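First comes the structure, then the notes that go with it.
The first residue in the sequence is number 1, and the count goes up from there. Note that this is a predicted model, so its numbers are computed, not measured.
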Amino acid sequence: MVYIFAFFGFMMGFSVGLGAINVLLRHRTSEEIKKDQSLRWYGIIAWVFGVVGGVIGVLIYNHNFL
């Protein structure tokens, strides 16, 4: 059961991270995003949000169901 909470927490966090990237990069064109190497670190934002969401999902499970 904890895996389900971790999975959905990760997916929700990853979605929030993608939304944050969308807001941060909305003023750039897709060609500019593909060519600018300094923007490659923005992808880490989605993964960080995903991991944090997974941890929050596990903490919710531990707090409410154990």
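Cluster annotation: Val2 is not connected to Met12 through the hydrophobic network of ILVMFWY side chains, with a link wherever side-chain heavy atoms come within less than 4.5 Å. Using a 4.5 Å cut-off between side-chain heavy atoms of Ile, Leu, Val, Met, Phe, Trp and Tyr, with links allowed through other members, Ile60 and Ile4 fall into the same hydrophobic cluster. One hydrophobic cluster holds both Met1 and Met11 under the rule that ILVMFWY side chains link at heavy-atom gaps under 4.5 Å.
For an aromatic pair to be called close, the ring centres must be under 6.0 Å apart, and Tyr3 with Phe7 fails this.
Between Leu59 atom CG and Phe5 atom CZ the span is 12.0 Å, to the nearest 0.5 Å. Rounding to the nearest 0.5 Å gives a distance of 13.0 Å between CD1 of Ile56 and CZ of Phe10.
Tyr42 pairs by the side-chain contact (heavy atoms from CB on, under 4.5 Å) definition with Leu24, Leu25, Leu39, Ile45, not counting sequence neighbours.
Of all the heavy atoms in Val58 and Ala6, the pair that sits closest is CG2-CB, 3.7 Å.
Sorted by first and then second residue, the side chain to side chain donor-acceptor pair (under 3.5 Å) pairs with a member in residues 11-28 read Arg28-Glu32; sequence neighbours excluded.
Screening Phe8, Phe49, Trp47 for a ring-ring contact (aromatic ring centres under 6.0 Å, His included) with Phe14, the sole residue that qualifies is Trp47.
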